[in-house]
Every structure is written in structure tokens, then in C-alpha cells.
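Okay, structure first, notes after.
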Amino acid sequence: MALLTLGINHRTAPVEIRERVAFTPERMAEAFSELRATSGATEAAILSTCNRTELYLAGDDDCAPSVLRWLSGFHDLEAAELENVLYVHRDSDAVRHMMRVASGLDSMVLGEPQILGQLKDAYALAREHGATGSFLSRLFEHTFSVAKRVRTQTAIGENPVSVAYAAVSMAHHIFADMSRNKALLVGAGKTIELVAQHLSEAGVNQFLVANRTLERAQALAEQYGGKGILLSEIPEHLADVDIVISSTASPLPILGKGAVERALKQRKHRPYFMVDIAVPRDIEPEVSSLADVYLYTVDDLRLVIEENIRSREGAAREAENLVSSGVDDFLEQLRALDAVSTLKLFRQRAEVMRDSETEKALRALRNGGDPETVLRGLARGLTNKLLHQPSVQVRKAMVDGRAEVTECLRELYQLDALEADEPTTTEKL
């Protein structure tokens with residue numbers, strides 16, 4: 001079975017394309033069903049975050065073109081648009097890629113821990129939809145084990161340099177004393193939880209959290225003495241906040257240019273700092289054209305992030321070594337499993353031959369045959385059957401110039417040692 005990874009990420013595609021290729025939770029069941037039915041993949045998992053969309057597939061070796069056609073069709077894109085930004089990894093390269101992703105080595109923020117949780121969620125969702133089998137399950141579980149070793153045995157996770165941290169760092173360029181500012185956080189997922197933590201550490205003590213479900217918004221807001229509201233209530237509170245950071249899974253923008261314009265008039269044009277971490281975007285891009293609004297997307301955070309990752313580069317080299325060992329271990333496990341499967345088939349075939357010759361011998365004995373003659377016939381017949389097909393294949397291999405088959409036979413049956421043990425002609429005399 002072949003392993004294949006297809007995807008786009010922050011390095012290969014701008015946010016304008018990434019948001020169009022993102023998978024919403026509502027369409028995941030449809031995606032798994034169509035993908036497995038049309039692509040030649042027997043197992044599948046989908047990872048969709050603000051920085052990447054990746055498909056992990058097990059199945060036909062040549063299914064990449066059909067997967068590309070399905071992916072572009074599913075998102076109403078021309079295949080040519082994706083071909084220019086798509087990467088494809090196969091077999092051992094696909095294994096290495098998944099482990100690097102899980103370990104934070106392929107992230108915009110080197111070593112960021114959120115991606116591991118997102119990958120675990122992607123695996124859980126694929127299992128929930130019955131899209132994974134033994135092959136991908138084994139790969140995911142091994143990948144999580146490698147990522148854990150990277151986290152515990154290297155310093156790659158030290159010093160906060162997540163997208164959330166970078167967003168808060170940029171706010172310092174607008175507001176010198178953030179204890180005077182009020183923040184509106186849109187969403188209540190893990191990224192927004194981190195944003196709230198970093199804002200609190202930076203001095204912000206006034207929070208509003210807006211979410212589709214009020215309970216989750218209140219639960220997060222109360223941790224920092226804030227208030228939870230519904231997404232529909234954002235326009236009522238927008239003029240009262242200075243910082244807006246949004247990260248939801250909404251397929252459509254939540255905050256439009258008109259709402260921000262009205263809020264700016266009420267604020268008498270005091271500046272806004274806004275960061276849209278979501279893909280697809282939560283804040284209409286046109287908002288950036290408004291005076292007194294500083295709007296950043298995940299792509300705008302690159303420079304801040306790059307300054308913060310230098311301390312992790314040494315740890316990253318150690319992590320790469322752990323990933324390489326993890327890849328070798330996984331491939332060794334696969335080879336061992338393949339050997340077990342081959343040996344099982346080999347034994348089954350031998351047992352069929354044994355049973356056939358045994359039944360023939362028993363019939364001869366029941367018919368009054370001489371036991372010694374029958375026994376010798378059993379041994380001869382079984383030997384001939386066991387050796388016939390290998391002998392034919394060895395001769396054919398030698399005709400084709402494949403000497404390695406003969407060498408393999410000598411190794412399997414230790415024929416060199418047998419030759420060494422045979423007495424010479426002189427000794428026989």
C-alpha cells in the first residue's frame with residue numbers, strides 16, 4: 001500500500017488561496033465520502049488549519065492526479081491554480097513530512113505546539129468518519145510518539161513564539177501601555193485561549209469574548225474577569241474595544257467594513273489594532289483601507305515570528321535527528337509486518353502441500369500399501385512440491401540475469417555453510 005500526502009501551506013500559498021481550500025467542519029463527512037470514492041485512496045485523513053490544508057492518504061500509488069482533480073472540484077477551483085502551490089510527498093517522504101509537521105518543524109512558528117493537537121483532532125475526526133484503517137492509524141500513533149519525544153528531549157517548545165504570541169507582540173507597536181486597553185476576542189478555540197493568556201500577561205485586564213455559543217465564550221472570558229457575548233452582539237460592543245483578535249472556523253467574514261466604520265465614528269477615530277488569524281478570514285480585507293485601523297493577517301506576522309524563532313534553531317536540529325530516527329523505526333516496522341504477512345502466506349502454502357501429500361499417503365495405507373513405501377513416497381512427493389516452484393523461479397531469474405535471487409536462496413538455506421561442511425573427494429575416499 002502506498003502512502004501519499006498532498007497539501008498547501010503558508011510557504012507555498014498565500015492566504016487568498018489557503019482560505020479557499022480550507023475544509024469546514026460541516027463538509028467533512030461529504031469530503032471523506034467523496035475522496036475515498038473517487039481518488040483510489042482506501043484510507044484518508046484531512047488536516048485543515050489557518051496555515052495549511054493537507055490530505056494524508058493510503059491506497060493506489062498513482063492516485064495523486066485524481067486527488068488533485070477531486071480537491072479542486074470540491075472547492076470550485078481550477079486544477080491549475082492548485083498545481084502551482086501544491087506539494088506531494090510519497091512513502092518515506094510522506095512519513096517524514098507528517099512527523100515534521102507534528103513536531104512543529106514545518107510550522108510558520110518553529111516548534112509551536114498547537115499543530116500537534118490539530119493533527120490529533122484530524123486523526124480523531126477521520127476515525128469518527130471511518131476513513132482510516134490500520135495503515136494510517138499505525139502512522140498517526142507512531143507520529144504522535146515521535147512528536148512527544150521531540151517535546152520532552154529538546155528545547156524546541158521553550159520561549160513562546162506562537163502565532164498568538166506574535167499577534168500580542170505586534171499590539172505593543174500600537175499601544176505602549178496595554179493595561180489601558182480593552183480586547184475583543186472572537187472565537188473560543190485553542191488559539192484564542194493562547195491569545196487571552198498572552199494579552200493578560202501583557203497587562204490587558206478588560207476582555208470581551210464573542211463566540212457562536214455563549215457558554216464557551218463565558219467560560220473563557222471568566223478566566224480573565226471578562227464577559228462573554230454572542231457573535232451577533234459584536235456591533236454593539238465594537239466601539240468600546242481597542243484590540244480585536246479573531247480566530248473562528250466561519251466560512252464567511254464575521255466583521256465587515258461597515259460595522260468598523262460606524263464604530264470608528266463613535267470612537268472619534270481612536271486607533272484599532274486588529275489581527276485576523278482565521279482562514280477563511282473573519283474580517284473583511286477592505287477593513288484595512290480604513291484610517292486608524294491596523295489590520296494584520298497570519299501572513300503579516302511572519303517578521304515578528306522570524307525574530308522569535310532563532311533561539312529554537314539549535315533545538316530544531318536535534319528534533320530533526322529524532323524525526324529521522326522515527327522515520328527509520330516506522331519503516332522498519334512496516335518491513336517487519338510485510339515479512340510476517342509473507343511468512344504467513346508461505347506457511348499456508350506449505351501446509352496445503354503437506355495436507356495434500358498426507359491425505360494421499362493415508363489413502364495408500366488404507367488400501368493396504370507397504371508403510372515404508374508409502375512413507376518414502378510421502379517424503380519424496382512433499383519435497384518435490386516444496387522445491388518445484390522455487391526451482392523454476394531461480395532458473396528463470398538466472399536467465400534474466402538476476403543473480404541476487406540465487407544469492408538470496410543461498411542465504412535463506414545457508415548453502416555456503418553446507419558446502420563448507422561437505423567432505424572433499426579425498427576425504428570421501
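Neither side chain, Thr49 nor Gln118, offers a donor N or O lying under 3.5 Å from an acceptor on the other. Side-chain atoms of Asp282 and Thr248 form a donor-acceptor pair, as typed in the model, at a separation below 3.5 Å. Side chains of Ser324 and Arg96: a donor-acceptor N/O pair is present below 3.5 angstrom, by distance only.
Crowding of Glu404 atom CD: a count of heavy atoms from other residues, nucleotides or ligands under 6.0 Å exceeding 12. In this structure, Arg395 places its CZ atom where only 12 or fewer heavy-atom neighbours from other residues, nucleotides or ligands lie under 6.0 Å away. With a 6.0 Å radius and a threshold of 12 heavy atoms from other residues, nucleotides or ligands, Glu78 has its CD atom at or below the threshold. Heavy-atom neighbours of Tyr294 OH from other residues, nucleotides or ligands within 6.0 Å: at or below the threshold of 12. The neighbour count for Arg149 CZ, taken as heavy atoms of other residues, nucleotides or ligands under 6.0 Å away, is above 12. Around the CZ atom of Arg317, the shell of radius 6.0 Å holds no more than 12 heavy atoms that belong to other residues, nucleotides or ligands. The 12-atom threshold is exceeded at NE2 of His172, counting heavy atoms of other residues, nucleotides or ligands nearer than 6.0 Å.
Shown here are the salt bridge (charged side-chain N to carboxylate O under 4.0 Å, His left out) partners of Asp177, two or more places apart in sequence or in another chain: Arg180. Qualifying side chain to side chain donor-acceptor pair (under 3.5 Å) partners for Arg20, counting only residues two or more places apart in sequence or in other chains: Glu81. In this structure, Asp76 has no side chain to side chain donor-acceptor pair (under 3.5 Å) partners at least two apart in sequence or on a different chain. Shown here are the ring pair (Phe, Tyr, Trp, His ring centres under 6.0 Å) partners of His89, two or more places apart in sequence or in another chain: Tyr87, His97.
At least one test fails for Arg138 against the ring of Phe330: distance under 6.0 Å to the centre or angle within 45° of the axis. Under the 6.0 Å distance and 45° angle rule, Lys120 counts as a cation-pi partner of Phe144.
Every pair passing side chain to side chain donor-acceptor pair (under 3.5 Å) that includes a residue from residues 29-38 is listed here, sequence neighbours excluded: Arg27-Glu30, Glu34-Trp70.
Relative orientation of the Phe23 and His75 rings is perpendicular, given thresholds of 30° and 60° on the angle between their planes.
Ser103 places no side-chain N or O within donor-acceptor distance of the main-chain N or O of Leu105, the cut-off being under 3.5 Å. For the pair Glu313 (side chain) and Ala316 (backbone), a donor-acceptor distance under 3.5 Å is absent. Looking at Thr42, its side chain does come within 3.5 Å of a backbone N or O of Ala58 through a donor-acceptor pair. With His237 contributing its side chain and Leu208 its backbone, the two residues share no donor-acceptor pair below 3.5 Å.
Partner of Asp242 under the side chain to side chain donor-acceptor pair (under 3.5 Å) criterion, out of Arg267, Lys182, Gln206: Arg267 alone.
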Could you pull out every donor-acceptor pair under 3.5 Å between side chains of residues 126-136 and any protein atom, sequence neighbours left out?
none

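Taking 4.0 Å as the cut-off between side-chain N and carboxylate O, Arg281 and Glu19 count as a salt-bridged pair.
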